[in-house]
Amino acid sequence: PAAGWFNNLSEAENQARVANKLVFIDFTGSDWSDECKKMDSEVFSSRTFGDYAAKYLVLVQFDFPKQKAQPTELQTANQTMLKRFGVTVIPTFILLKSDGSVAMKQDGYVAGGPLALIAKLDEAMR
């Protein structure tokens, strides 16, 4: 996963509990999905999102690459997460409450840069 992103949900949930933050999950196809690449370049790599995430979120990324090699164990774990959250679209973004329930599920690209995604997250946190 990208720097600062977990690829293990239980580790991320533990970190979130300790830090009193929510878990944000990115289901991505990092090497083939144009929408995922746009989210990375326009939102996730922005200072605005980075500052927001540092305050409120623990980040998790489940990647489903087509060219990049991934250990079988990671592929299996990622597929399990895909099924657990009923993800049918890449990218999908999920915000988890502290009890593990889903506060927000966003299928597909979020237009409008980091502030658009932050607005959705803020709304889900209320």
Side-chain angles (χ1 to χ4, degrees):
W5 292 74
F6 285 86
N7 63 7
N8 178 304
L9 184 58
S10 54
E11 287 175 13
E13 286 175 323
N14 289 338
Q15 177 68 38
R17 266 191 294 282
V18 168
N20 196 26
K21 295 180 180 180
L22 300 181
V23 174
F24 177 80
I25 306 172
D26 171 24
F27 287 87
T28 186
S30 65
D31 65 1
W32 58 268
S33 165
D34 289 339
E35 286 192 343
C36 293
K37 291 174 184 178
K38 273 174 74 171
M39 285 299 292
D40 270 345
S41 66
E42 293 175 8
V43 177
F44 299 141
S45 62
S46 75
R47 184 184 185 127
T48 304
F49 182 79
D51 289 348
Y52 179 88
K55 263 190 208 160
Y56 302 110
L57 306 173
V58 173
L59 304 173
V60 182
Q61 191 174 67
F62 298 120
D63 194 6
F64 300 87
K66 290 188 176 169
Q67 270 85 58
K68 266 189 297 198
Q70 259 187 339
T72 307
E73 183 181 300
L74 185 58
Q75 287 176 17
T76 304
N78 288 357
Q79 286 296 331
T80 301
M81 290 297 131
L82 207 64
K83 289 184 186 86
R84 172 175 166 184
F85 291 105
V87 172
T88 57
V89 174
I90 298 288
T92 290
F93 310 103
I94 293 178
L95 182 67
L96 295 183
K97 297 179 190 167
S98 53
D99 65 3
S101 64
V102 175
M104 180 197 91
K105 183 175 180 183
Q106 165 72 39
D107 293 339
Y109 174 75
V110 179
L115 295 177
L117 179 59
I118 287 169
K120 286 179 179 290
L121 293 170
D122 280 345
E123 196 177 305
M125 285 186 205
R126 281 193 207 115

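Numbering starts at 1 and runs along the sequence shown. As a basis for the values below, the full set of heavy atoms in this structure was taken, side chains included, without hydrogen atoms, waters or symmetry mates.
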Audit row: Phe64, Gln79, side chain to side chain contact (heavy atoms under 4.5 Å, CB included) steps and yes/no: CA-CA 9 Å; Phe64 300 87; Gln79 286 296 331; 3.8 Å; yes
Whether Phe62 and Phe27 hold their rings parallel, tilted or perpendicular, with breakpoints at 30° and 60°: tilted
Parallel, tilted or perpendicular: ring planes of Phe24 versus Phe44, cut at 30 and 60 degrees: perpendicular
Locate the shortest heavy-atom distance separating [X] from [Y]; write the atom from each residue and the value.
X: Glu35; Y: Tyr109; answer: OE1-N, 3.2 Å
X: Lys37; Y: Trp32; answer: CE-N, 4.1 Å
X: Met125; Y: Leu22; answer: CG-CD1, 3.4 Å
X: Ile94; Y: Thr92; answer: CG1-CG2, 4.1 Å
X: Asp63; Y: Thr28; answer: OD1-O, 3.0 Å
X: Leu117; Y: Val110; answer: N-CG1, 3.9 Å

Stepwise salt bridge (Lys or Arg N to Asp or Glu O under 4.0 Å) check, Asp51 with Arg47: CA-CA 6 Å; Asp51 289 348; Arg47 184 184 185 127; 3.7 Å; yes
To the nearest 0.5 Å, tell me how far [X] [atom1] sits from [Y] [atom2].
X: Asp34; Y: Lys38; atom1: CG; atom2: NZ; answer: 8.5 Å
X: Asn7; Y: Asp26; atom1: CG; atom2: CG; answer: 12.0 Å
X: Asn14; Y: Arg17; atom1: CG; atom2: CZ; answer: 4.5 Å
X: Asp122; Y: Met104; atom1: CG; atom2: CE; answer: 10.5 Å
X: Lys120; Y: Gln106; atom1: NZ; atom2: CD; answer: 4.5 Å
X: Asn8; Y: Glu13; atom1: CG; atom2: CD; answer: 9.0 Å

With a 4.5 Å limit on heavy-atom distance, are the side chains of [X] and [Y] in contact?
X: Asp31; Y: Lys66; answer: yes
X: Leu59; Y: Ile25; answer: no
X: Asn78; Y: Leu74; answer: yes
X: Thr80; Y: Phe85; answer: no
X: Val60; Y: Leu96; answer: no
X: Lys21; Y: Leu57; answer: no
X: Gln70; Y: Pro65; answer: yes
X: Cys36; Y: Ser30; answer: no

State whether the number of non-hydrogen atoms from other residues, nucleotides or ligands found under 6.0 Å of [X] atom [atom1] is greater than 12.
X: Lys68; atom1: NZ; result: yes
X: Tyr52; atom1: OH; result: yes
X: Arg84; atom1: CZ; result: yes

Linked, directly or transitively: Val102 and Leu9 (ILVMFWY side chains, under 4.5 Å): yes
Test: Lys105 cationic atom under 6.0 Å from Phe93 six-membered ring centre, within 45° of axis: no
Main-chain N/O of Lys97 paired with Ser101 side-chain donor or acceptor, under 3.5 Å: no
